[in-house]
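Below is one structure; the comments refer to it alone.
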Amino acid sequence: MSRIDTTKEFIPVRIAVLTVSDTRGLDQDRSGDTLVGRIEGAGHVLADRKIIRDERAQIADQLRAWSLDPEIDVIISTGGTGLTGRDVSVEAHRDVYEKEIEAFGTVFTIVSMNKIGTSAVQSRATGGVANGTYLFALPGSTGACKDAWDEILQYQLDYRHLPCNFVEIFPRLDEHKRRK
């Protein structure tokens, strides 16, 4: 169970959303729309949003560029985490990570098991850190995006989440607070 310390002031996080798809445009990007709605609904800031093809180098280049942007704290990608030959988001993320957050994939699998049963083994959701920016790769289904946000990310991206002090592990939040 996740707990939020409501005695502390909420600090919005600046989040970029990257949809990985060979076929979708912005007008058909339901998973991206789902994430944007939840990000903004939680009070966070949509820092940027793009759609990019399933090309490992292009995905990695975009992740690197955003991870170096001081106006972006978190990157969430959707799509390209499956098992087909064109699904290269996980590999692109790992090309960029300085450290992988191995527990993210494990927790996402647990959440998925409760929703879709053993089909959860087909997901390769991952998380990591690069240049002080948190990166998460989610499957391309709207259900997976909802589950990842509602069950994990909405809590982990709120520094008021107990028991840890998120500012200690997310120094950009402290900088952001000082700029206010």
Side-chain angles (χ1 to χ4, degrees), residues 10-97 101 104-105 107-109 111-112 114-117 119-128 130-131 133-158 172 176:
F10 176 78
I11 299 175
V13 177
R14 298 163 305 213
I15 304 171
V17 173
L18 179 65
T19 299
V20 176
S21 176
D22 287 338
T23 59
R24 281 186 257 165
L26 212 51
D27 56 329
Q28 302 106 6
D29 183 17
R30 292 186 6 214
S31 294
D33 290 343
T34 295
L35 288 169
V36 169
R38 279 169 160 69
I39 288 164
E40 292 175 339
H44 296 295
V45 176
L46 179 65
D48 203 351
R49 180 180 180 185
K50 292 190 175 170
I51 296 181
I52 205 164
R53 294 181 55 79
D54 271 298
E55 298 291 340
R56 183 174 176 170
Q58 291 177 16
I59 297 164
D61 287 347
Q62 184 61 64
L63 295 172
R64 276 189 201 94
W66 276 345
S67 76
L68 291 166
D69 185 335
E71 295 302 313
I72 296 175
D73 302 310
V74 175
I75 302 164
I76 303 173
S77 72
T78 176
T81 64
L83 301 171
T84 71
R86 294 288 298 154
D87 291 323
V88 295
S89 289
V90 173
E91 290 76 15
H93 271 254
R94 289 183 174 147
D95 289 344
V96 175
Y97 293 163
I101 306 169
F104 177 77
V107 172
F108 182 79
T109 300
V111 167
S112 295
N114 291 326
K115 306 282 180 159
I116 61 171
S119 292
V121 301
Q122 298 174 43
S123 171
R124 297 186 308 137
T126 185
N131 302 306
T133 302
Y134 283 74
L135 299 90
F136 300 97
L138 307 179
S141 76
T142 56
C145 290
K146 288 175 187 177
D147 293 344
W149 183 268
D150 295 350
E151 304 291 332
I152 306 167
L153 295 175
Q154 76 168 325
Y155 301 111
Q156 293 302 305
L157 298 180
D158 189 331
R172 285 188 180 179
H176 177 72

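Tyr134 pairs with exactly one of Ile101, Asp73, Ile75, Val13 by the side-chain contact (heavy atoms from CB on, under 4.5 Å) rule, that one being Ile101.
Of the inter-residue distances, the one linking Asn131 atom CG with Asp69 atom CG reads 11.0 Å to the nearest 0.5 angstrom. Atom-to-atom distance recorded for Ser89:OG and Glu55:CD is 11.0 Å, nearest 0.5 angstrom. Rounding to the nearest 0.5 Å places SG of Cys145 at 4.0 Å from CG of Leu35. In this structure, Asn114 CG and Thr109 OG1 are separated by 11.0 Å, a value rounded to the nearest 0.5 Å. To the nearest 0.5 Å, atoms CG (Leu157) and NE2 (His44) are separated by 5.5 Å. From Asp87, atom CG reaches atom CD of Gln122 across 11.0 Å, with rounding to the nearest 0.5 Å.
The shortest non-hydrogen separation linking Gln58 to Ile52 is O-CD1, 3.4 Å. The two residues Trp149 and Ala42 come nearest to each other via the heavy atoms CZ2-CB, 3.9 Å. Of all non-hydrogen atoms in Gly32 and Val17, the two that sit nearest each other are CA-CG1, 4.3 Å. The heavy-atom pair separating Ser112 from Ala120 by the smallest distance is CB-CB, 3.5 Å. Residue Pro70 comes nearest to Arg14 through the heavy atom pair O-NH2, 3.3 Å, listed as atom of the first residue, atom of the second, then distance. In terms of heavy atoms, Leu135 sits closest to Thr133 at CD1-O, 3.2 Å.
Within the 4.5 Å cutoff, side-chain heavy atoms of Leu153 are placed close to those of Phe104. The shortest side-chain heavy-atom distance between Arg24 and Ser31 falls under the 4.5 Å cut-off. Taking 4.5 Å as the limit, some side-chain heavy atom of Leu26 sits within range of a side-chain heavy atom of Ile51. For the pair Phe136/Ile152, no side-chain contact is recorded, criterion being any heavy-atom separation below 4.5 Å from C-beta on.
Between the side chain of Gln28 and the backbone N or O of Gly25 there is at least one donor-acceptor pair closer than 3.5 Å. Side-chain atoms of Asp48 never come within 3.5 Å of backbone atoms of Ala16 as a donor-acceptor pair (strictly under, hydrogens ignored).
In this structure, Phe108 has no ring pair (Phe, Tyr, Trp, His ring centres under 6.0 Å) partners at least two apart in sequence or on a different chain. With sequence neighbours left out, the salt bridge (Lys or Arg N to Asp or Glu O under 4.0 Å) criterion links Asp150 to Arg38. Partners of Glu91 according to the salt bridge (Lys or Arg N to Asp or Glu O under 4.0 Å) rule, which considers only residues two or more places apart in sequence or in another chain, are Arg124.
A salt bridge does not link Lys50 with Asp29: none of the charged nitrogens is closer than 4.0 Å to a carboxylate oxygen. Salt bridge annotation for Asp61-Arg64: present, with a cationic side-chain nitrogen under 4.0 angstrom from a carboxylate oxygen.
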Exercise. Yes or no on side chain to side chain contact (heavy atoms under 4.5 Å, CB included) for Ile15 and Glu40, after CA distance, side-chain angles and deciding distance?
Worked result: CA-CA 10 Å; Ile15 304 171; Glu40 292 175 339; over 6 Å; no

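Counting non-hydrogen atoms of neighbouring residues, nucleotides and ligands closer than 6.0 angstrom, the CZ atom of Arg30 reaches no more than 12 such neighbours.
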